[in-house]
Amino acid sequence: MEVKIGVQHTPREIVLESGLSAADVESAVADALGGKAQLLSLTDEKGRKVLVPADRIAYVEIGEPTARRVGFGAL
């Protein structure tokens with residue numbers, strides 16, 4: 001699932017593909033914004049970890065889960 005994170009005072013957003021469910025991502029964001037964690041920590045599908053300071057999060061957009069496409073045709 002695609003997750004977009006807007007960071008304050010930064011012109012670009014962070015975009016990552018996460019293997020987590022929407023509920024898990026939402027829970028991690030809620031913990032960071034609620035003060036339970038200093039950082040929002042998410043891991044993408046390639047195993048890279050993204051850390052964003054909780055006080056710098058502008059917005060988080062959680063996308064729909066996408067199925068992997070197979071083949072070369074454009075649909």
Side-chain angles (χ1 to χ4, degrees):
M1 122 168 355
E2 184 178 68
V3 179
K4 293 181 183 180
I5 305 168
V7 181
Q8 294 177 1
H9 310 297
T10 304
R12 297 182 67 188
E13 61 192 10
I14 299 169
V15 180
L16 65 116
E17 287 290 328
S18 177
L20 298 173
S21 69
D24 291 339
V25 173
E26 186 175 350
S27 175
V29 172
D31 287 347
L33 295 178
K36 293 182 181 177
Q38 296 278 333
L39 296 171
L40 171 61
S41 174
L42 297 173
T43 304
D44 71 359
E45 289 182 339
K46 296 181 181 179
R48 296 178 290 197
K49 188 171 272 199
V50 176
L51 302 171
V52 180
D55 61 343
R56 297 290 181 204
I57 297 172
Y59 65 90
V60 177
E61 183 179 317
I62 302 171
E64 293 287 324
T66 56
R68 293 185 177 223
R69 296 181 183 164
V70 178
F72 298 102
L75 296 177

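All residue numbers in this chain count up from 1 along the given sequence. All heavy atoms count here, side chains included; hydrogens, waters and symmetry mates do not.
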Asker: When hydrophobic residues are tied together by side-chain contacts of less than 4.5 Å, even through go-betweens, does Leu39 share a cluster with Ile5?
Answerer: no
Asker: Please find the pair of heavy atoms, one from Thr43 and one from Lys49, that lie closest to each other, and give the distance.
Answerer: OG1-CE, 3.8 Å
Asker: In chain order, what residues pass the salt bridge (Lys or Arg N to Asp or Glu O under 4.0 Å) check against Asp44, with sequence neighbours excluded?
Answerer: Arg48
Asker: As an exercise, state the distance from CD1 of Ile62 to CD of Glu2, rounded to the nearest 0.5 Å.
Answerer: 11.5 Å
Asker: Residues in side chain to side chain contact (heavy atoms under 4.5 Å, CB included) with Glu13, at least two apart?
Answerer: Lys4, Val15, Tyr59
Asker: Go through the structure and list residues passing side-chain hydrogen bond (donor to acceptor under 3.5 Å, both in side chains) with Arg12, not counting sequence neighbours.
Answerer: none
Asker: Given the rule that I, L, V, M, F, W and Y join up when any side-chain heavy atoms are under 4.5 Å apart, are Val29 and Leu20 in one cluster?
Answerer: yes
Asker: Could you point out which residue of Val52, Leu42, Val60 forms a side chain to side chain contact (heavy atoms under 4.5 Å, CB included) with Ile14?
Answerer: Val52
Asker: Of all the heavy-atom pairs spanning Ala32 and Ala54, show the shortest one and how long it is.
Answerer: O-CB, 3.2 Å
